[in-house]
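Remarks on the structure that follows.
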Amino acid sequence: MERYSVKLDSSFYERDTPEVARALLGCLLVSRIGRKNSLVSGIIVETEAYLGETDPGSHAFRGRTPRTDPMYGEPGRAYVYLIYGKYCLLNVVTRPVGTAGAVLIRALEPVEGIEIMKERRACQDLRDLTTGPGKLTLALGITLDHNTVDLTQDLLWVEPRTAGEIQVSSRIGVSDHQALRYFLKENRFVSRRH
DNA sequence: CCGGCGATCAGCT
DNA sequence: GCTGATCGCCGGG
């Protein structure tokens with residue numbers, strides 16, 4: 001698995017959450033979960049920023065609990081949680097230790113390991129493999145076991161890339177009007193148009 | 001293409 | 001006991 005790769009480091013993730021959410025667009029999310037010799041990866045095309053305790057849309061709004069503890073931890077780690085009893089959602093932790101913040105990864109454009117993704121998703125349609133936060137975790141093999149995994153190490157990581165034009169909207173399933181959702185303009189793997 | 005609905009369970013009240 | 005940062009299936013236009 002000695003592929004040449006530069007990984008985003010903890011200083012990238014330590015910044016303010018909306019800044020990290022924007023900067024992650026265009027970057028490559030790579031997983032070697034469950035595979036020793038093959039990688040599964042995709043370009044991040046859609047993210048959402050979840051701020052700290054002042055953000056009603058954030059789990060941290062109700063303070064620090066066993067579940068939200070990772071959001072207060074080291075930047076550059078994963079915060080993975082279960083939603084609707086079924087789907088694992090992947091966030092990357094932002095901001096310095098002791099301050100809550102996380103970016104939800106909402107959609108990817110598949111790049112490597114497409115056959116593995118099709119197997120894991122039990123789905124042949126490329127367009128449907130990773131176009132949602134619960135879909136992409138399945139495609140990459142991410143489960144609750146990967147909560148707090150260090151994204152600067154070699155199980156699950158992000159490689160820097162530059163992005164095209166970015167569009168902004170309110171967050172999916174959050175009923176405030178804060179513009180904290182970011183996605184690549186005219187990318188067909190974004191989960192929703194608006 | 002789009003809207004409605006049920007599944008399923010950890011975390012919090 | 002209630003709820004959700006979702007998804008897939010089903011039916012109608």
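Each chain gets a letter, A, B and so on, in the order its sequence line appears, and its residues count up from 1.
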Does either side chain, that of A/Ser169 or that of A/Arg181, offer a donor lying less than 3.5 Å from an acceptor on the other one? yes

Tell me: CZ of A/Arg127 to P of C/dC7, nearest whole Å? 12 Å

Using atom CZ of A/Arg67 as one end and atom P of B/dT13 as the other, report the distance to the nearest whole Å. 10 Å

Would you compute the distance between atom OH of A/Tyr79 and atom CG of A/Leu151 and round it to the nearest 0.5 angstrom? 14.5 Å

Just verifying a value: how many Å separate A/Thr143 OG1 and A/Tyr87 OH, rounded to the nearest 0.5 Å? 16.0 Å

Closest to the A/Leu104 side chain, choosing from C/dA5, B/dC12, C/dG8: C/dA5

A/Ile105 atom CD1 is separated from C/dT6 atom C1', nearest whole Å, by 16 Å

Closest non-hydrogen atom pair, A/Leu136 against A/Ala107: CD2-N, 3.6 Å

Considering every strand shown, what is the Watson-Crick or G-U wobble mate of B/dT8 when both distances are under 3.5 Å? none

Which part of the nucleic acid, if any, lies within contact of A/Arg171, taking any heavy atom under 4.0 Å across all strands shown: a base, the sugar-phosphate backbone alone, or nothing? nothing

Once you round it to whole Å, what is the distance between P of C/dT6 and CG of A/Leu136? 12 Å

Just the rounded figure in Å: distance from C1' of C/dA5 to CD of A/Gln178. 14 Å

Pairing partner of C/dA5 (Watson-Crick or G-U wobble, both distances under 3.5 Å): none

Using 0.5 Å steps for rounding, measure from the CG atom of A/Leu184 to the CZ atom of A/Phe189. 12.0 Å

Spacing of A/Asp128 atom CG relative to C/dG8 atom P, expressed in whole Å: 6 Å

Could you measure between the two C1' atoms, the one in C/dG8 and the one in B/dA10, and give it in whole Å? 22 Å

Contact list please: residues 69-86 of chain A against DNA chain C, heavy atoms, distance less than 4.0 Å, in numerical order. A/Tyr81, A/Ile83, A/Tyr84, A/Gly85

CZ of A/Arg64 versus C1' of B/dG11: gap in Å, rounded? 17 Å

Backbone N/O of A/Pro18 and side chain of A/Asp16: donor-acceptor pair under 3.5 Å: no

On the six-membered ring of A/Phe183, is A/Arg106 placed so that its NZ or CZ lies under 6.0 angstrom from the centre and within 45° of the ring axis? no

Is A/Arg121 close enough to C/dG8 that one of its side-chain N or O atoms is under 4.0 Å from OP1 or OP2 there? yes

Measure the distance from CG on A/Leu90 to P on C/dC7 and round it to the nearest whole Å. 13 Å

